[in-house]
Amino acid sequence: MSNTTVKSAAAEHELVAAAASGDFASFKRESEPLLTRLHRFFHRYPTAAPAIVLLMAVLVFSTLIGDRFLHPFNLSLIVQQVTIIGILGIAQTLIILTAGIDLSVGAIMVLTSVIMGRFGVEYGLSPILALGFGLFAGALAGYINGLLVTFFRLPPFIVTLGTWNIFFALNLWYSGSQTIRSQAIDAAAPILHWTGQSIELLGARFTYGSLMMLVLFAIVWYALNWTAWGRHVYATGDDPAAARLAGIRTDRILRSVYIVAGFFCAVAAWALIGRIGSVSPQAGMMANLDSITAVVIGGCSLFGGRGSIFGTLLGALVVGVFRNGLALSGVDVLWQDFTVGLLIIIAVGLDQWIRKV
Amino acid sequence: MSNTTVKSAAAEHELVAAAASGDFASFKRESEPLLTRLHRFFHRYPTAAPAIVLLMAVLVFSTLIGDRFLHPFNLSLIVQQVTIIGILGIAQTLIILTAGIDLSVGAIMVLTSVIMGRFGVEYGLSPILALGFGLFAGALAGYINGLLVTFFRLPPFIVTLGTWNIFFALNLWYSGSQTIRSQAIDAAAPILHWTGQSIELLGARFTYGSLMMLVLFAIVWYALNWTAWGRHVYATGDDPAAARLAGIRTDRILRSVYIVAGFFCAVAAWALIGRIGSVSPQAGMMANLDSITAVVIGGCSLFGGRGSIFGTLLGALVVGVFRNGLALSGVDVLWQDFTVGLLIIIAVGLDQWIRKV
Amino acid sequence: EDKPIVGLITKTNTNPFFVKMKEGAAMKAEAVGIELRTFSGKFDGDNESQVQAVENLIAAGAKGILITPNDSAAIVPAIDRARAAGMLVIALDTPLSPADAADATFATDNFKAGELIGQWAAARLGDKAADAKIAMLDLNTSQISVDVARDQGFLKGFGIDLADPKRIGDETDPRVVGNDVTQGAEEGGRRAMENLLQKEPDINVVYTINEPAAAGAYEALRAVGRDKDVLVVSVDGGCPGVDNVKAGVIGATSMQFPLKMASMGVEAVLEFAKTGKKPEATQGLDFVNTGVELITDTPVDGVASKSSSDGLDMCWG
Amino acid sequence: MTTENQKLVLKATQLVKRYGHVTAIDGADFELREGEILAVIGDNGAGKSSLIKALSGALVPDAGEILLDGAPVQFKSPMDARKAGIETVYQNLAVAPSLNIADNLYLGREKLKPGILGKVFKMLDRKAMHEEAKAKLAELGLLTIQNIHQAVETLSGGQRQGVAVARSAAFAKHVVIMDEPTAALGVKESRRVLNLIRDVRDRGLSVVLISHNMPHVFEVADRIHIHRLGKRVAVIKPDTHSMSDAVAIMTGAMDPNEHPAGAFAA
Amino acid sequence: MTTENQKLVLKATQLVKRYGHVTAIDGADFELREGEILAVIGDNGAGKSSLIKALSGALVPDAGEILLDGAPVQFKSPMDARKAGIETVYQNLAVAPSLNIADNLYLGREKLKPGILGKVFKMLDRKAMHEEAKAKLAELGLLTIQNIHQAVETLSGGQRQGVAVARSAAFAKHVVIMDEPTAALGVKESRRVLNLIRDVRDRGLSVVLISHNMPHVFEVADRIHIHRLGKRVAVIKPDTHSMSDAVAIMTGAMDPNEHPAGAFAA
Ligand SMILES: Nc1ncnc2c1ncn2[C@@H]1O[C@H](COP(=O)(O)OP(=O)(O)OP(=O)(O)O)[C@@H](O)[C@H]1O
Ligand SMILES: Nc1ncnc2c1ncn2[C@@H]1O[C@H](COP(=O)(O)OP(=O)(O)OP(=O)(O)O)[C@@H](O)[C@H]1O
Ligand SMILES: OC[C@H]1O[C@](O)(CO)[C@@H](O)[C@@H]1O
Ligand SMILES: [Mg+2]
Ligand SMILES: [Mg+2]
């Protein structure tokens, strides 16, 4: 190929540019003052805002209430109290990372808890199988959401608003609105109570359910940050069109996320049975908004693609610490709700501020 | 200016282009078959989908139930029953058109209803003033939302998730969780009951509240389509950055939208008092999701900038017709919820399908 | 096809109590040849859905309405309209406010139900009642009538000064450790119990609004090994609850009779449809007392009670 | 020919704008004369767009002064600049996709119905706007619009660019600023825009044109402002400097003062 | 010099793609030879981007056939095309803004750790990816990346374009397709991309370049595919046709068959 003749076609002024020094689209950068470095630090650690709020909350309540609040047992109690919302929060985080939202998490949880209960207690199925069926049902429910989102291209908000109603109705129908007693479960399917058993550590008492929650957070953190799937989840949430063109099968990723989320809702159901002992069709009514609250306090962007799974853990803990601390201080429940409302705005506001400085 | 010497600088090949025929970026368009024209029709009338669903629902229920359903009284009853969600739906539509979402509509409504009630009944204020105070409080609550959205740049979902908790707590605190009785209102502030009074028209009974709702829909339709403000609301929701560069003061538009929405929530409170007679601090808990349901069935895009206000009216009516029709057919309430869930998915699915053909 | 219609409007369709009530009404309706339409609120406290249900029943041309009101006062105007349309309205479980806004009320005497478990708890503790530590697990923040009546009844039975008997939580007696809300469900019961235990680890009496809340509270107690030395009392008498009495989870519970309320209600509507006769209130009360039975396996002097085995024959679901 | 003592329409001195740790405008000067086409050239990231955003009210500079017709102005929003007769085509277009062409043309400067309908009910005069929009577009020869009610989102990229350009040309009273108006355009379409720019200038308005296309710049510009690392380093004329000179200065390969004609040759 | 009987790498016949009432590809043919730079030119909306989307799996054509090395292929997604060695820089970039440069380079082709960590735990080998990314970028001379961990959203438009171009050049085994890669770039940056394109061709790969810049096209292209109203109307060579001829054909001002060299001169 006659490279030289071709080159000569280039206008003279362009060749001048080729000779110019400097990098591709380089631009000036100021030497970095402290504030800037702080800002970059926060930008790199997006969980900074909820961590700061959590720390401050703990400080405030321990001076206000003292030992009773800081007692290892009370601290582990808070962890127990956030277990359900924490696990649902994992599901919710995954969905929100893909720029979706899941209003059906609570409904899937209560429906699968009833399935576990009835399969284990009434049909005399092997308890492990009952648990397995429940987990499978959760994944299936998630798959239905995922299919509606990817195949029919319906917005996740609408899909899960619909399936929330549907799953809840199915729960009432299937349970006949009957509670399954703790003793019956103990007798027929004790494995469903495993999540409620606990071990003591230096005065703190951790249920297996809450330990399971912590392990799940670690696993999902690993999956999001150290596997290709995780990178694809972020890319899909960030800009689905771009991700598709970059070669990612975004629909497949979305469906997998909904399935995993549904599965986690069923895991939350298991933790729920352990926690309240019985299987009750009344549970989980407010769980959708509570889990979203944990995620947004944790610093995830509702527009997808940005956020850390540990933020959600912190977010759930922040709410838990406040509710517990306020209750111990003898504040009326009414003001607990008020405070949670303020907290949402302040935590997210702080987050925005930190990122923008 | 030496135009001629300048022109000569243009490369020859470019002058060829200038001489070329054809318009700016013209492209081919097929002759239009029926389906295409149908598609364009639907695209122009975005309320087609909810209208079709509504029509079909009415047809089905009138064959299933017959006279009782089609009786003017029953039809006007449905209108009465959708009054509250309809008015809140107007507020919600405005917010959603700007690509926001308002979870606090129900909380603002109940808070302002309590304010109207207490001001009118307990403080012995002039009833008109009590009403005025309530409406003002609604606008103020909306203003707070708008300020948090525009000034602190917080996502509307998060702002209103927070203020929902806050306003609801304020309501419980301010009302002391006490219901204000209908009789007390009749005695001290009958104007609050005006929305509950009705006129009869050919066997149908329309409350002033529901007529007010219809008038409000008409006014907002006018404002959205025939005033500059309306165009700016659409442009802001469509692409805020572009709207700003096009010279629109988007923050001001956003704040005005939140204020108007808050005001409409207070109007809904007035309609609520007329409808249920008393002032109950527990009202409106589910109103946020119900109003969103009406808006999305009505065909508004949750991404902003697209949708029609009359779609929301149709959306509210669709849900009302289904609930009423199913109730008259003696369907268990459980399956009513189930059906509403399906309805949401089907109506929005139909809408997507119509637009994409 | 021209069977008279009777409507049943319950508080929610998640609480087993109301589901049982629905079943009772359905059975009775089937037996006497009347058509039953059921409705419910979306959550405990949801008044609007109930108003809508009343209207739909008017439109359906029902003969009568049985309702467990979510907001006893707020529902009254809608009830007035139903009665003006010639329907018989009967409040079940929870009276309207004022009670005579309904044609009749078939309900547990909720204050009495509370009082019974209060008296039982005080008698069980004997001398120790003087420095008892009591946790009050109520329904929600809305101060609705059942909630207030049971809570205040319990305190009265226990011998505590009520201050305003229409308000929960204004007592100053140091024996009351605190009030928390449960939403009448297990998860709320557990969380409320945990929080109150943190406030006062030596709690030895727990009042609960209903048996689901009691079951949750028990799990919290069991988790800290206090399940054997704390008295849990409750209201309801559902079969799971009575089983819990038998198992020692609940010390005593005041049994209600939802099936009876429902079937009496259906009968009354039928009677009204046939003869126009309205039921009359129990002597000396403004409602028809459907009765309350204290169920416990540790009876105390001065408070009549039945054993859990007897209770299992009478329980409702 | 523009002469050095011609009236200054828009002038800015020592503008500064920082984004976090990036200084997008670093003490930039700017001068636009009456009835001229001033091209602004510079590397990617040199700060050209930021500069014209500051001039058109789309961003508020951290420091510096802007003079319009000799009087200091402080634009708080693009609306303020528009009111002063400055129209801008931004690099990212700034049209509202779901609104139609006429609505977009009149966005932010809607016409109201005459009489009570307009005064009290604030009713839009849609008919008048659509008629005028049609007339304006026809007059500019830019678009034979088939349907002025068409939503902008249904137009091709080139057509959209046309709407944005037409809007600025139609409404400007004083200054038109265009940020890379031909970047996405084909040869034919680019040509039309260049012709339009000349037409606008010939109407007596001043035009600021940002472009990376040197032949285009040297074809239409009266003067060329060269931007480098956030500031103006030279102002040249097509007849004093060659394209190679311009590129050399812009990329830092040549010290503008070393050119025989000097750094500020115009 | 490419010769007429050189091997065909990518060939498409009678492709059709409709969007509602718009026919974006209207029976288009396409031929890419081994080791050549083929430019594709045409008016805005002519269907160039749609054509290359069909070739790279980003859209599935309604009709027509695509042959890769003589064998029919049906790409269901860009991933399929990539696996076949075809890399594409789309007009709208296709990078994930919140991921860093290395992550973006390896998006969809991540490397796993060796051994059990990779096989069972599917653990990413981040270190290896980052090292290799650095090496690749350095080798291409495109970027002296200060920090490969930087999120792409913090880069300037030009730098982002650089990442996208580098990605395609680094991983292509067979064909690189670039849709207006220099549209947003300055003179200097454009130059680098053109040089890169030649380097890629010199490595033996085939390159498809869509551009509106005729001088660039005539500078680097071996052959030029002219697209008009959804189809290929001519294929010419820089030495048979002038720029004016190309533009005349592209805009419809000249019937390509009337040119002395014919419509398919290459
Ligand atoms: N909103 C912003 N936030 C942060 N940095 C910004 C922002 N806008 C511009 N910058 C930075 O400011 C610098 C100047 O950007 P600007 O867009 O003005 O350059 P330009 O000369 O117009 O470049 P191009 O020719 O690529 O359009 C760049 O380094 C850019 O990254
Ligand atoms: N997703 C889509 N939906 C509807 N129409 C589309 C879509 N993509 C492209 N088109 C239409 O198809 C035609 C061809 O578009 P395409 O983007 O392929 O043109 P192009 O030659 O690449 O133009 P340009 O030079 O402006 O990039 C245009 O009329 C365009 O409006
Ligand atoms: O939630 C309060 C309701 O719960 C019950 O005790 C049944 O469990 C009812 O008697 C009461 O109305
Ligand atoms: Mg720029
Ligand atoms: Mg293209």
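By convention in this document, chain letters (A, B, ...) are assigned in the order of the sequence lines, proteins followed by strands, and residues within each chain are numbered from 1. Keep in mind the model is a prediction, meaning the values are calculated, not measured.
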Legend entry - Crowding at CE, C:M27 (>12 non-hydrogen neighbours, <6.0 Å): no

Legend entry - Part of A:S182 within contact of chain C (heavy atom distance under 4.5 Å): side chain

Inset, instruction - Take A:F73 and C:Q198, measure what side chain to side chain contact (heavy atoms under 4.5 Å, CB included) needs, and give me the verdict at the end. - result: CA-CA 9 Å; A:F73 178 77; C:Q198 283 309 106; 3.2 Å; yes

Inset, instruction - Let me know if A:Q282 has heavy atoms under 4.5 Å from chain C in its side chain, its backbone, both or neither. - result: both

Legend entry - Atom pair CD (C:E187) and OG (A:S278), whose distance is rounded to the nearest 0.5 Å: 10.5 Å

Legend entry - C:K22 portion near chain A, given a 4.5 angstrom heavy-atom threshold: neither

Inset, instruction - Let me see the working for A:V279 and C:E186 under side chain to side chain contact (heavy atoms under 4.5 Å, CB included), right down to the final yes or no. - result: CA-CA 9 Å; A:V279 167; C:E186 291 83 353; over 6 Å; no

Inset, instruction - Flag the pair A:Q81 / C:R190 as yes when at least one side-chain heavy-atom distance between them is below 4.5 Å, and no otherwise. - result: no

Inset, instruction - Can you establish whether the number of heavy atoms outside A:D67 located under 6.0 Å from its atom CG is more than 12? - result: no

Inset, instruction - Check whether any side-chain heavy atom of C:E194 sits under 4.5 Å from a side-chain heavy atom of A:N324, and report yes or no. - result: no

Inset, instruction - Could you tell me the separation between the CG atom of A:L77 and the CG atom of C:N195, rounded to the nearest 0.5 Å? - result: 7.0 Å

Legend entry - Structural part of A:Q197 lying under 4.5 Å from a heavy atom of chain C: neither

Legend entry - Contacting moiety of A:R181, where chain C heavy atoms sit under 4.5 Å: side chain

Inset, instruction - Please assess A:R275 against C:E219 for the test side chain to side chain contact (heavy atoms under 4.5 Å, CB included), listing each intermediate value before the final yes or no. - result: CA-CA 7 Å; A:R275 181 159 162 75; C:E219 293 298 322; over 6 Å; no

Inset, instruction - Using a cut-off of 6.0 Å, state whether more than 12 heavy atoms not belonging to A:L59 lie near its atom CG. - result: yes

Inset, instruction - Heavy atoms only, distances under 4.5 angstrom: which of A:I65, A:T179, A:I276 has the most pairs with chain C? Name it, please. - result: A:I276

Inset, instruction - State the OG-CG distance between A:S177 and C:N13, to the nearest 0.5 angstrom. - result: 6.0 Å

Inset, instruction - Look at A:Q178, A:R323, A:Q183 and state which one has the largest set of heavy-atom pairs under 4.5 Å with chain C. - result: A:Q183

Legend entry - Shortest non-hydrogen separation from C:T141 to A:L334 and the atoms involved: CG2-N, 4.3 Å

Legend entry - Engaged part of A:L172 at the chain C interface, taking heavy atoms whose separation is under 4.5 Å: side chain

Legend entry - Part of C:N244 lying under 4.5 Å from any heavy atom of chain A: both

Legend entry - Toward chain C, the part of A:F168 with a non-hydrogen atom under 4.5 Å: side chain

Inset, instruction - Let me know if A:A327 has heavy atoms under 4.5 Å from chain C in its side chain, its backbone, both or neither. - result: both

Legend entry - Selection from C:P201, C:P16, C:G216 maximising heavy-atom pairs under 4.5 Å formed with chain A: C:P16

Legend entry - Atom group of C:P212 that falls short of 4.5 Å from chain A, counting heavy atoms: side chain

Legend entry - Between A:S280, A:G330, A:P281, the one whose heavy-atom pairs under 4.5 Å with chain C are most numerous: A:S280

